[in-house]
Every structure is written in structure tokens, then in C-alpha cells.
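Proteins get letters first, then strands, A, B, ... in listed order; numbering begins at 1 in each. Owing to the predicted nature of the structure, the values given are computational and were not obtained by experimental measurement.
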Amino acid sequence: MSSETAVLPGSPADGRDAAVGAGAVPPPPAHRPGRLAGVARRVLGSSRYDALRVGGKLASRRELALPYPLGFKLRAWARGFTVEHAVIYDLDRRDAREYLNDYARKFRCPALNPLPALFDHKLLLRRLLADRGFVQPETVAHLTRSTVVLDPLGEARQVDRQALQARLVAEGGAYILKPENGTYGQGILRLEVRDGALVARRGTSVRPFGIVRDAPADSLVERLVEQHPFWERLSPHSVNTMRILTLWTPGDAEPFVARAIQRMGTVETAPTDNWDGGGVACPIDLATGRLGPGRVNPFRSAREDRHYTHHPDTGAPLDGVELPFWSEILATTLRAARSLPMASYIGWDVAVDAAGRPLFIEGNRNTGVRSLQLWSGLLADPRVRRFYEVSGVV
Amino acid sequence: MSSEAVPASSRAAERRGLRGLLAQLVSPAQFAALRSMSRLVTRAELQAPLALDLKLRGWRRGFRASSVALYGIEQVESGLYVSDYERIFRGPGINPIPALFRHKLLLRHLLAERGFAQPETVAMISRGGGILADPLGEPHALSAEALVRTLLAGEGRYIWKREDGSRGSGIALLEVVDGALHSRRGSTTRPFRLPAVVRLTHLIERVVDQHPFWAALSGGTGANTMRILTMWTPGEPAPFIARAVQRIGTAATLPTDNWSGGGLCALVDLETGRLGPGRVNPFKSGKPDRPYREHPESGAQIEGAVLPGWPAIAEAAVAAARALPYAPYIGWDIAVDRTGRAVIIEGNKNTDVDLLQVHGGLLADPAVRRFYEAYGVVD
């Protein structure tokens with residue numbers, strides 16, 4: 001292993017021999033500084049150089065504008081964290097080495113999954129999971145630039161947009177329209193039939209919607225999941241999903257669940273439950289399925305950042321509540337991870353339908369980690385740390 | 001926005017700025033000519049060995065000098081051929097999920113689930129060097145040494161290729177010679193060492209043990225695959241085969257049978273599976289451009305030979321296209337194994353059309369023209 005491998009200052013991997021035994025994966029090709037960078041590195045010393053390099057990549061204009069002392073910001077950047085995350089994780093009072101930092105997530109984690117397209121295109125993952133019998137939302141149609149494929153995972157009949165519109169109106173109910181290749185809940189609309197016409201809901205706004213006129217190309221129409229009453233009670237504004245992170249350490253026989261959280265929408269986040277959009281997230285105790293207290297994102301939500309023992313809109317109790325079907329949820333998610341051996345790092349969005357069946361909304365190839373690390377760092381768990389180390393991320 | 005593809009002819013009306021102004025000033029045909037010339041004419045085109053007036057006549061219709069030479073100027077001007085401009089600049093817009101074809105493992109995974117025969121994927125070597133054996137079957141991690149042992153014990157021949165490669169780039173044939181792995185490309189053979197670190201994900205697959213009929217086409221070496229083009233026109237209940245050709249490798253193309261690398265290709269009669277004469281690409285093969293009734297090296301019959309089991313092969317291609325409704329335009333590479341099964345080697349999202357059209361323009365078939373029109377590829 002080259003001594004020039006970019007190792008974050010203070011990280012325990014610093015100076016450690018990266019050889020991990022036969023069959024294990026050598027870390028990805030290391031960062032090699034150019035000539036000028038080589039000089040800078042010698043002048044500054046390698047840990048100060050790395051701090052600068054990482055800081056330079058993280059310090060955006062938005063970061064600079066945040067109302068925190070410069071010293072705090074510099075400390076955050078030097079340790080590979082954005083200021084926002086240093087605040088959310090409360091890094092001045094915690095051990096930063098226990099957290100997966102933003103530099104690693106942004107620049108190293110994308111290499112973990114060799115087939116990013118599997119996750120970038122929802123239809124592909126959905127096809128594979130459907131073939132293996134996993135329950136997913138019903139994919140009603142795939143809209144492309146030139147055509148509409150009805151029931152793309154089943155009968156796959158091509159129709160035009162008028163026909164899709166007529167069918168949605170005739171069947172009634174609620175639908176989700178989302179980009180086929182989207183992430184982070186951008187561009188997601190909830191469609192409903194009202195008085196014989198389609199309307200779109202996003203947040204609190206409702207407007208008329210025509211498939212022919214308004215639906216962008218390369219999108220999916222899926223039937224809104226009818227969630228189990230337990231989750232419906234948490235918040236009726238959204239389908240409330242768990243984000244479950246599965247890891248498969250190279251050389252290991254089985255994947256494992258690293259962490260799970262329960263997300264809930266609020267009035268503002270409908271129809272999604274995005275934590276970054278202002279939703280609430282609770283940790284799930286992996287052994288028992290018991291929820292911890294909820295938190296909101298202080299930078300993206302108008303609400304106060306405190307521990308919520310009850311949902312701020314619905315008043316549903318959160319802290320200490322046990323999720324129904326938890327062992328089945330865990331087992332199903334692990335089975336799904338095992339069925340995709342070419343993806344070792346998946347952030348699953350899992351809902352539970354009215355019948356109590358765990359259902360995969362989607363999989364993410366480079367999950368955001370802030371909501372997963374709200375209560376403690378991912379790297380505090382030795383098994384999780386080993387995954388990231390063996391894969392060359394930390 | 002209309003539910004149907006916007007016809008290319010009406011797109012001119014929507015242009016803005018300088019291009020819009022230009023579109024107003026000249027006739028649609030002149031505009032199309034200017035557009036294709038501005039995008040096709042490169043230094044290589046200018047230097048191509050063809051009379052300038054023929055080049056000009058080709059360019060204004062969207063054909064490169066090589067295509068004019070290959071098809072003939074009367075054919076180029078007949079309006080029955082898909083042009084280079086249309087293929088290069090409009091073809092990529094047909095398939096909404098191109099990644100499906102860029103990543104061989106992804107397509108393979110989807111087809112395997114639906115029971116289509118494909119070459120056995122022996123191992124996936126990830127960026128960084130992690131090795132996953134049998135990724136589509138019983139996946140398990142393997143050390144480099146164990147993988148080499150498996151390959152040596154396997155008694156087969158293997159293909160080493162990039163997971164996201166196309167056009168045969170980086171492909172090597174791995175063979176066991178004197179108890180050690182060797183890679184072969186063309187006529188050169190050298191010892192093969194599994195790289196400790198790969199920049200891009202690679203696959204190792206077992207070479208298809210091909211049916212004696214296909215093995216005999218090129219005299220026993222190299223794979224000989226068909227390129228079968230399937231189309232699924234919006235509004236149609238099922239896809240169809242637009243054209244099929246049989247590619248036949250030569251000594252120069254080993255281990256592939258690439259037509260652009262110097263191989264032969266013969267038109268397959270879609271009804272009967274009977275082959276037409278073989279054709280070469282005169283610019284890439286160094287062989288004279290004439291109809292080849294027999295293979296120039298092996299002497300095997302080409303013209304008039306009937307592909308054994310053609311109906312089942314055609315059926316497999318259509319069924320595979322049917323299984324991928326989000327990919328309406330696929331150029332399939334299909335081999336036939338010893339037992340007579342059609343084996344899908346890979347799918348291409350925007351197939352070369354020269355090897356298909358050297359046998360006649362694709363647009364002569366009204367169904368094919370309708371497909372390209374629906375996707376705005378031809379006007």
C-alpha cells in the first residue's frame with residue numbers, strides 16, 4: 001500500500017498496514033498528489049496537507065455563510081465533515097473518529113458499488129427484486145420520451161399518454177409520479193383523482209395535473225402504498241419508511257444490517273418522508289425493533305432540534321415504541337441484500353403494507369449518512385468499521 | 001407536449017436563436033444538409049479517398065464518405081438507408097435506460113432471471129480487486145490465487161472483458177497452455193497475469209462451446225455470432241426482428257468476429273434462416289469487396305447455407321426483446337451452443353448499421369421505417 005494513500009488526519013487507519021489477508025480486497029487506487037501538491041504536502045506536512053485538501057472540497061459557499069465561528073468550521077473541515085454535519089453530530093462533544101465523514105461518503109463511497117446504474121434506474125432494481133419475489137409498490141407505467149409502457153414489469157403494453165391518463169382516472173386511487181432515475185425525493189408528486197380529474201399534491205399545494213401535458217419523460221407512475229395502520233398513525237402525510245443500511249464485507253459469507261432508522265413525514269414533507277425535507281427520524285434498536293426519540297434537521301426544518309418523544313404533528317408516541325413485524329422486516333431486507341451480491345452497500349427504503357408485508361420502495365447505492373448517524377457514529381460499531389476499512393473507504 | 005414522438009420535421013419550427021433564424025432562411029432540406037455536414041465533416045472525412053462531389057452528396061444526406069463508398073451513392077440517395085447522422089446523433093435517444101447496455105452484468109442479470117441462456121459468468125473482478133465468483137449463480141468471494149486455480153482446472157477457454165466495455169475494447173481470449181493461463185488477441189499470445197488492481201470492473205466468462213455448424217463457418221476458431229436487431233414500435237403489441245446478419249470471424253478478428261475488425265457478415269433470410277453471400281468491410285478488412293459465396297480462409301459454404309434451428313433463434317431474440325419493454329431497440333449478439341440453444345452474448349443499445357445495411361437499406365421495410373419515425377430518428 002502506498003504511503004501516499006489519502007488517510008484522514010486523526011483517523012485510526014492512519015499509518016496502518018492495509019494488507020488484510022488473502023481474498024480480501026485491496027483498497028481502491030490511492031489519491032496521488034500531483035507535482036505542486038507534492039511540494040505543498042512536503043512543506044505543510046501530510047496531516048495539514050490532507051486537512052487542506054479535504055477542507056477545500058467541502059467548504060462550499062453555503063458552508064462559508066453558516067453562522068458559526070471560523071475556528072469551528074475549520075475544525076469540522078479538517079476532520080472531513082461539513083459544518084452542518086459537525087453541528088448535527090455535535091462533534092465538539094463527541095469522538096469524530098466514530099463518524100463516517102462527508103469526505104469519505106462523497107468521494108470514496110461511490111466506488112463501493114460497481115454497478116451504480118442498478119440503483120440510478122429504479123426500474124432495473126425493481127425488475128431484479130420482482131423476479132426474486134420481493135414485494136414492491138405496483139409499477140403502473142413507465143413514461144419515456146416517445147411512449148408509455150403500461151405495467152412494465154408485467155404485461156408491458158405500450159399505449160399513449162391519453163390512454164394512461166384515462167386509465168388512472170378510471171381506476172381512481174392515489175399514485176406516485178417519480179423520476180425513473182431520480183434520487184433524494186426530488187421531483188416526486190402524489191397524484192390523486194378528484195372530480196374525475198387528476199390533481200398533483202406536493203407539500204400543501206394542490207394543482208390540476210395532466211399526464212399528457214405535465215408528466216416529464218423518463219418517469220414512473222406507481223400506486224401509492226397503502227401502509228399498515230401502525231405506520232399510518234405515525235404520520236398520514238406520507239408513506240413512512242425505514243432506511244436500513246446493509247453491508248457485505250468482502251470475504252464475508254453474509255451481509256448484515258449496520259443500522260436502521262424510521263422516518264416520518266410532516267405536513268411540509270408530504271408526499272415524502274424525507275428527513276432533509278423537514279421530516280422526523282427515529283433510531284431503531286436492531287435487536288428489539290424499539291424506536292428511540294425523534295429528531296429533525298435543524299437546517300431544513302422550521303421546528304426545534306430536540307428529542308421528540310411524540311410526533312410533532314400527530315402526537316403519535318415514538319420513544320420506546322416497538323415496531324410491529326420487526327424481525328420479518330430485518331430478515332426480508334437481509335434476504336434482498338443477499339440476492340444482490342454485486343452491490344455490497346445498500347441503503348434500503350422499506351415500508352410495511354396493510355397486510356404487514358415488508359415492501360421495498362427503493363435501494364440507494366450511496367445512502368446519506370447524516371440521518372443514520374444522528375444518535376451515534378456508524379464507525380463506533382467495529383463490524384461496520386471493518387466493512388469501511390476493508391473496502392478502502394476509511 | 002404530445003404523447004407521440006415529435007416528428008423531426010416539425011422540430012425545425014421550435015428552434016430558437018441562431019439555429020432558428022437559419023431554419024427560417026433556408027428550406028428544411030437545406031437546413032438538414034447544413035446540419036449534418038457541420039457535424040459529420042471532420043479532417044478524416046476530408047482526407048478520405050473518395051471524389052469530393054460524392055462526399056458532398058453523401059454529407060448533405062448525413063452519410064460519411066466510408067458509408068457512401070460502402071453502400072454506393074445511388075443507394076445513399078435512395079432514402080432507404082439509415083444515415084450516419086441519424087444513427088450517431090438520434091439513435092442514442094431511442095433507449096431510455098442506456099445503462100442497461102453499458103453494464104453487461106446488469107443485462108445479463110435481468111436475462112438470467114428470465115431463463116435466457118447466456119455465457120457462464122465465471123467471475124467479476126471489481127475495481128480495487130475484489131473477486132466475486134459465479135456472480136449470477138452462487139456468488140462467493142474468491143482470492144486471486146483460487147480464481148486462477150479454478151480457471152486452470154476448468155479446461156475451458158475464457159473471455160476477459162470490461163464489465164462496461166463495448167465494441168470489443170479490452171477483450172482477450174484466455175487459454176490454458178502448458179498449465180498456465182495465456183491471453184490471445186489476434187495472432188499474439190502472451191502469459192496472462194490477473195492484475196492485482198483493476199481500474200474498471202472486469203468479467204471473466206466461459207467461451208461458448210459453439211455448435212459444429214457455426215464452428216465450421218470460420219474453420220473451427222473463434223466465435224461466430226449473429227447480430228439480430230429487434231424493434232418495438234410504440235403502440236405495437238410485440239417487438240419484431242428488423243434484420244439479422246451472421247458474422248463470421250477471420251484470422252484477423254480472433255477472438256471476436258467483429259465486422260469492423262475485418263470479419264465477414266451474411267444476411268439471414270428471416271423466414272428460412274438461409275444465408276446470403278458474405279460481405280466484408282473493404283476499408284477495415286483489406287479484402288476486396290465482393291460477395292463471398294465461401295469463407296475466404298476456411299472455404300466453408302456461406303451463401304445458401306441454412307442456419308440450423310433458425311426459428312428457435314429468432315424466437316429467443318424476440319422473447320428477450322419482449323422481456324425488456326424499457327429497451328425498444330436492441331442489437332443482439334447471439335451464438336448457438338453445442339446443444340443448439342441460442343445463447344445471448346450481449347445486447348447493444350445503438351447498433352452499428354453498416355453491417356446490416358451493406359445488404360440493403362433498413363428503411364425499405366415500412367415497419368422498420370415506422371419504428372425509426374416514431375422515435376424521431378428519420379424524418
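The closest side-chain heavy-atom distance from B:Glu163 to A:Leu115 is below 4.5 Å. Counting only heavy atoms from C-beta outward, the side chains of B:Pro325 and A:Gln158 never approach each other to under 4.5 Å. Between B:Leu136 and A:Met342, some side-chain heavy-atom pair lies under the 4.5 Å cut-off.
Most heavy-atom pairs under 4.5 Å with chain A, from the set B:Leu132, B:Ile94, B:Leu324: that is B:Leu132.
With a 6.0 Å radius and a threshold of 12 heavy atoms from other residues, nucleotides or ligands, A:Glu171 has its CD atom above the threshold.
Among all heavy-atom pairs drawn from A:Pro341 and B:Pro139, the shortest one is CG-CG, 3.2 Å. Here the closest heavy-atom approach between residue A:Ala117 and residue B:His103 is recorded as CB-CD2, 3.9 Å. The two residues B:Arg322 and A:Ala156 have their closest heavy-atom pair at NH1-O, 3.9 Å.
Rounding to the nearest 0.5 Å places OG1 of A:Thr144 at 5.5 Å from OH of B:Tyr375. Expressed to the nearest 0.5 Å, how far CG of A:Leu124 lies from CG of B:Leu100 amounts to 5.5 Å.
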Fill in: Worked check of side-chain contact (heavy atoms from CB on, under 4.5 Å) between B:Trp232 and A:Thr147
CA-CA 11 Å; B:Trp232 198 340; A:Thr147 186; over 6 Å; no
Practice prompt. Dump the intermediate steps for side-chain contact (heavy atoms from CB on, under 4.5 Å) on A:Arg127 and B:Tyr326, then the final yes or no.
Written response: CA-CA 11 Å; A:Arg127 169 82 274 164; B:Tyr326 26 84; 3.2 Å; yes
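Residue pairs that meet the ring-ring contact (aromatic ring centres under 6.0 Å, His included) test with at least one member in residues 120-139 of chain A, sequence neighbours left out, are A:Phe134-A:Phe360.
Scanning residues 106-118 of chain B against chain A with a 4.5 Å heavy-atom cutoff picks out B:Leu106, B:His109, B:Leu110, B:Glu113, B:Arg114, ordered by number.
Of the atoms belonging to B:Pro96, heavy atoms from both backbone and side chain fall under 4.5 Å from chain A. Contacts of A:Asp131 with chain B are made by both backbone and side-chain atoms, with heavy-atom separations under 4.5 Å.
Among residues two or more places apart in sequence or in another chain, the side-chain hydrogen bond (donor to acceptor under 3.5 Å, both in side chains) test is passed with A:Arg365 by A:Asp120. With sequence neighbours left out, the salt bridge (Lys or Arg N to Asp or Glu O under 4.0 Å) criterion links B:Arg243 to no other residue.
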